[in-house]
Amino acid sequence: MGDVRVHDTAALLEIALQVAREAGELLVHGRPDDADLGVDTKTSSTDVVTEMDRRSEQLIVAAIKAARPQDGFLGEEGAVTQSTSGITWVIDPIDGTVNYLYRYPVWAVSIAACVSAPGMAEDMKAIVGVVHAPLLHETWSAREGHGSFLRDSLGEHRLSVRGEDRLAHALIATGFAYEEHKRRIHGQTAAALLPRVRDIRRPGSAALDICNVAAGRVDGYYERGTHAWDRAAAALIAREAGVVLGGAHGAPESVDLAIATNPALFSQLHDALIECGATSSY
Ligand code: IPD
């Protein structure tokens, strides 16, 4: 059974917004010269982590811990703490690290407050989510049951998914893993899908890709190889806007496959992806 405790999502959202902004400030204004970025590699020589990813995660964890010492953490850069409050914060301190490295502005800080939810993605459910993209001047947020919002230079807008219901006219975002043997297969799937859709985008941040489905900037998104920290906050933002998320054959979205579309497109994109090899083994 899932967590039945009642949590104050308004208070959690305040914390997430405040901490995401602080991390964004650090990442923009505290960025050292390129030579001092402290770049290390992870799954392959092109999958990078910078010293700024680590500093951002440390800042986020320390700030949330100061406010809520009983909460747990799951962070991309290694933060793992068990929760005794029922809340676990799932954090990607920079989603789109390669973009950050290249000064390509499509990257975001992603913070989700999650509760246990067996059967959902990674057996967790976000009840609060923030995706903050400082260089795009965009902050996406949601509380479970209260809708999702985008704050940009024009103000704050409530999100409501819309979009294309014909796969052949759909604009689809995706991403690729960094390991060579996996990205070869991912490339084959994208190549097979390309003639069946309007076009494909690879912006470089899974969190922002999923948020962009909620805003109707793309009609759908799919990717293999994403982790809870890439998706948790954005998935809530998207669901609260009416986006359907899932994996293959009725499974929840996962590291194996994550699909997000408007309701009319989900089964069309899902079926096309299966035909295009999105569940083939590596
Ligand atoms: C990456 C981005 C990218 C996606 C990769 C992720 P990171 O996250 O979201 O768009 O294609 O699968 O790993 O590593 O920059 O946090």
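Each ligand, and each atom within it, is numbered from 1 in the order the structure gives.
Contact annotation: R202 has at least one heavy atom less than 4.0 Å from an atom of ligand 1. Not a single heavy atom of A177 sits closer than 4.0 Å to an atom of ligand 1.
Checked by atom type and distance alone, the side chain of R183 pairs as donor or acceptor with a backbone atom of A177 at under 3.5 Å. Formation of a donor-acceptor pair under 3.5 Å by the D8 side chain with backbone atoms of A11 is found in this model. At distances below 3.5 Å, at least one donor-acceptor pair connects side-chain atoms of D219 with backbone N or O atoms of L171. Not one N or O on the side chain of R151 forms a donor-acceptor pair closer than 3.5 Å with the backbone of T139. Remark: side-chain polar atoms of Q268 are paired, donor with acceptor, to backbone N or O of L167 under 3.5 angstrom.
With a 4.0 Å cut-off on non-hydrogen atoms, D95 touches ligand 1 through its backbone as well as its side chain. Of all the heavy atoms of S205, the ones lying under 4.0 Å from any atom of ligand 1 belong exclusively to the backbone. Heavy atoms of E76 found under 4.0 angstrom from ligand 1 belong exclusively to the side chain. Residue contacts with ligand 1 for W107 are absent, since no atom lies close enough (heavy atoms, distance under 4.0 Å). Neither the backbone nor the side chain of V98 has a heavy atom within less than 4.0 Å of ligand 1.
Side-chain atoms of E22 and Q18 include a donor-acceptor pair closer than 3.5 Å. T97 and D53 share a side-chain donor-acceptor pair at under 3.5 Å.
Using a cutoff of 4.0 Å between basic side-chain nitrogens and carboxylate oxygens, E144 and K125 are scored as salt-bridged. Note on R54 versus D40: salt bridge recorded, some NZ/NE/NH1/NH2 to OD/OE distance being below 4.0 Å. Between E253 and R224, no side-chain nitrogen of the basic residue sits less than 4.0 Å from a carboxylate oxygen of the acidic one, so the salt-bridge criterion is not met.
The shortest N/O to N/O separation between G225 and ligand 1 does not fall below 3.5 Å. Considering backbone and side-chain atoms together, G204 places an N or O closer than 3.5 Å to an N or O of ligand 1. For ligand 1, the polar-atom distance check finds an N/O of D92 within less than 3.5 Å of one of the ligand's N/O atoms. Inclusion of K42 in the set of residues having an N or O under 3.5 Å from an N or O of ligand 1 is not warranted. Here's the thing with T226: none of its N/O atoms is less than 3.5 angstrom from an N/O atom of ligand 1. For ligand 1, the polar-atom distance check against A207 finds no nitrogen or oxygen pair separated by under 3.5 Å.
With ligand atoms numbered from 1 in the order given, ligand 1 contributes 15 (O) to contacts under 4.0 Å with heavy atoms of T97. Each of the following atoms of ligand 1 lies closer than 4.0 Å to a heavy atom of F176: 11 (O).
Nearest heavy-atom pair across V130 and A16 is CG2-CB, 3.7 Å.
Considering only non-hydrogen protein atoms, atom 6 (C) of ligand 1 sits nearest to D230 OD1, 3.9 Å. Ranking protein heavy atoms by distance to atom 11 (O) of ligand 1, first place goes to E223 OE2, 2.5 Å.
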